[in-house]
Asker: 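Below you'll find the structure I mean.
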Amino acid sequence: MSAGQPSFFERLVAWQRACGRHDLPWQGTRDPYRVWLSEIMLQQTQVATVRRYYEAFLARFADVQALARAPLDEVLAAWSGLGYYRRARLLHAAARQVVERLGGRFPHDFDGWRALPGVGDSTAAAIAAFCHGQPVSILDGNVRRVLQRWSGAAGAEATPRALWRRAQALLPPQPPAEAMAAYTQGLMDLGATVCTPRQPRCPACPLRADCAAHAGAAPLASAPPRRAARRAEAWWLPLWVRADGALWLQRRPARGIWAGLWAPPVLVGTEGEQALRAALATQPAQALRWLPPLAHALTHRDLTLHRVQLRWDGPDEAAPDGPGVQPDQGAWWTPSAALALGLPAPVRAWLAGAGPASRTSSSR
DNA sequence: AAACCGGGGTG
DNA sequence: CACCCAGGTTT
């Protein structure tokens with residue numbers, strides 16, 4: 001750092017107070033529950049999306065006790081559409097851990113938070129800095145980019161671990177708690193609004209005076225070559241709708257895509273669809289109508305939702321027989337009851353939209 | 001259509 | 001330590 005200039009830390013604190021974001025619903029509080037929830041939701045999820053869920057989740061689970069008391073299904077329902085449902089399971093597990101093992105009191109430092117399920121290095125540092133003013137540095141993707149550009153780190157110096165050591169070294173020995181919070185928020189805001197991946201707004205940056213990338217001495221190393229995306233075999237999901245509107249949903253396994261959510265059976269590849277057609281012709285379920293399929297894309301998988309209207313002569317506890325059907329883990333649900341479950345985004349979107357509204361067209 | 005991203009699990 | 005995975009959204 002050049003002499004006569006405020007430190008990296010001081011410049012970021014001043015910049016955050018003048019130019020940073022101050023209007024996010026989880027700011028302006030040191031309540032660990034609110035900060036913790038926001039950090040978990042913000043993992044892999046953009047601010048704009050989290051904003052739509054955060055207040056509603058808090059309204060439903062007002063504190064850690066309420067969250068710990070709630071059945072997992074209700075937590076998954078509130079999380080439905082946010083994706084990465086494992087986060088919701090770990091959040092729920094951590095809430096129970098706080099209530100049962102910590103007497104309902106949250107941890108008060110980095111190590112304590114780091115020991116909770118779903119809280120890794122970056123999240124633990126963010127909470128410790130925001131709630132406790134602890135001098136620990138975050139290192140999410142935005143911050144890594146800021147530090148790498150500013151320091152000019154490359155090669156072995158640019159690994160996450162090395163960058164984190166560098167970030168720690170930039171902290172003053174005993175920063176005031178409120179400065180630590182502003183600094184942490186400032187790092188995030190700078191990466192999100194100024195030091196963006198493409199077309200950074202360098203003229204607005206408080207660090208440009210001694211930024212290695214800005215000086216051109218050490219241009220940002222090109223991103224490591226990413227492996228070609230492997231696209232797994234497509235999934236076909238038969239969404240059975242009975243004449244009375246009920247639909248068959250079964251619980252997903254605890255791991256993998258849509259872990260723990262309620263979803264239609266999964267058929268892999270096109271063979272599954274053919275077997276399903278054959279089964280439906282001879283079962284108590286008869287396909288009255290196949291509606292146009294709905295497409296949904298995950299990064300590594302293409303999904304097709306088949307909507308099949310059924311005439312169902314079997315018992316209420318039974319399910320159509322077919323590939324991928326797990327009767328012991330499934331049930332018929334009315335649309336309104338299903339909406340209270342944890343549902344994958346495409347199923348929820350279909351139910352909340354037009355949904356099964358056209359079900360009576362063939363029966364009257 | 002490809003890329004993004006932090007925690008957790010595995011090799 | 002290095003890699004792999006999940007999934008709604010942006011580019």
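This is a predicted model, so every value here is computed, not measured. Each chain gets a letter, A, B and so on, in the order the sequences are listed, and its residues count up from 1.
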Asker: Using the closest heavy atom to pick a nucleotide of DNA chain C for each, name whichever of A:His296 or A:Arg161 lands nearer the 5' end.
Answerer: A:Arg161
Asker: Any donor-acceptor pair under 3.5 Å linking the side chain of A:Gln250 with the backbone of A:Gln329?
Answerer: no
Asker: Is it true that A:Arg34 and A:Thr29 share a donor-acceptor pair across their side chains at a distance under 3.5 Å?
Answerer: no
Asker: Just how far, in rounded Å, is P of B:dC4 from CZ of A:Arg145?
Answerer: 11 Å
Asker: For a quick check, tell me whether the side chain of A:Thr299 and the base of B:dC4 share a donor-acceptor pair closer than 3.5 Å.
Answerer: yes
Asker: Polar pairs (N or O, both sides) under 3.5 Å between protein and nucleotides 8-11 of chain B?
Answerer:
from  : atom 1 : to       : atom 2 : distance (Å)
B:dG8 : OP1    : A:Gly118 : N      : 2.1
B:dG8 : OP1    : A:Val119 : N      : 3.2

Asker: To the side chain of A:Thr123, which of B:dG7, C:dG7, C:dT10 is closest?
Answerer: B:dG7
Asker: If you compare every side-chain N and O of A:Arg52 against the phosphate oxygens of C:dT9 (OP1, OP2), does one of them come in below 4.0 Å?
Answerer: yes
Asker: Would you indicate which nucleotide in C:dG8, C:dA6, B:dG7 comes nearest to any side-chain atom of A:Ile257?
Answerer: C:dA6
Asker: For A:Leu303 and C:dG7, what is the distance between atoms CG and P respectively, to the nearest whole Å?
Answerer: 10 Å
Asker: So among A:Tyr84, A:Trp79, A:Trp26, which one has a side-chain contact (heavy atoms from CB on, under 4.5 Å) with A:Met41?
Answerer: A:Trp79
Asker: What is the separation between atom CZ on A:Arg348 and atom P on C:dG7, rounded to the nearest whole Å?
Answerer: 15 Å
Asker: When you check the gap from the basic side-chain N to the acidic O, do A:Asp313 and A:Arg311 get nearer than 4.0 Å?
Answerer: yes
Asker: Rounded to the nearest Å, what distance is computed from the CG atom of residue A:Leu237 to the P atom of nucleotide C:dG7?
Answerer: 13 Å
Asker: Rounding to an integer number of Å, can you tell me how far A:Ile138 CD1 sits from B:dC5 C1'?
Answerer: 14 Å
Asker: Starting at atom CZ of A:Arg301, determine the distance to atom C1' of C:dA6, rounded to an integer number of angstrom.
Answerer: 10 Å
Asker: For A:Gly256 and A:Gln46, take the nucleotide of DNA chain C holding the closest heavy atom to each; which residue's nucleotide lies nearer the 5' end?
Answerer: A:Gly256
Asker: Using a heavy-atom cut-off of under 4.0 Å over every strand shown, decide if A:Arg89 touches base, sugar-phosphate, or nothing.
Answerer: nothing
Asker: Run the numbers on A:Arg114 and A:Asp109 for salt bridge (charged side-chain N to carboxylate O under 4.0 Å, His left out), then give the verdict.
Answerer: CA-CA 9 Å; A:Arg114 185 65 180 80; A:Asp109 62 10; over 6 Å; no
Asker: A:Arg252 and A:Ala263: which non-hydrogen atoms are nearest, and at how many Å?
Answerer: CD-CB, 3.9 Å
Asker: Given A:His306, which partner from the list A:Trp235, A:Trp240, A:Trp350, A:Trp236 fulfils the ring pair (Phe, Tyr, Trp, His ring centres under 6.0 Å) test?
Answerer: A:Trp236
Asker: Under 4.0 Å, heavy atom to any atom of DNA chain C: which of residues 70-85 of chain A qualify?
Answerer: A:Gly81, A:Gly83, A:Tyr84, A:Tyr85
Asker: What is the separation between atom CG on A:Leu261 and atom P on C:dG7, rounded to the nearest whole Å?
Answerer: 9 Å
Asker: For A:Arg251, check salt bridge (charged side-chain N to carboxylate O under 4.0 Å, His left out) against everything at least two apart and list the hits.
Answerer: A:Asp73
Asker: Do A:Arg242 and A:Asp316 sit within salt-bridge range, that is, some charged N less than 4.0 Å from a carboxylate O?
Answerer: yes
Asker: Let me know the distance between CG of A:Leu298 and P of C:dT9, rounded to the nearest Å.
Answerer: 11 Å
Asker: Distance between the P atoms of C:dA6 and B:dG11, in whole angstroms?
Answerer: 15 Å
Asker: Are A:Trp312 and A:Trp332 close enough that their ring centres sit under 6.0 Å apart?
Answerer: yes
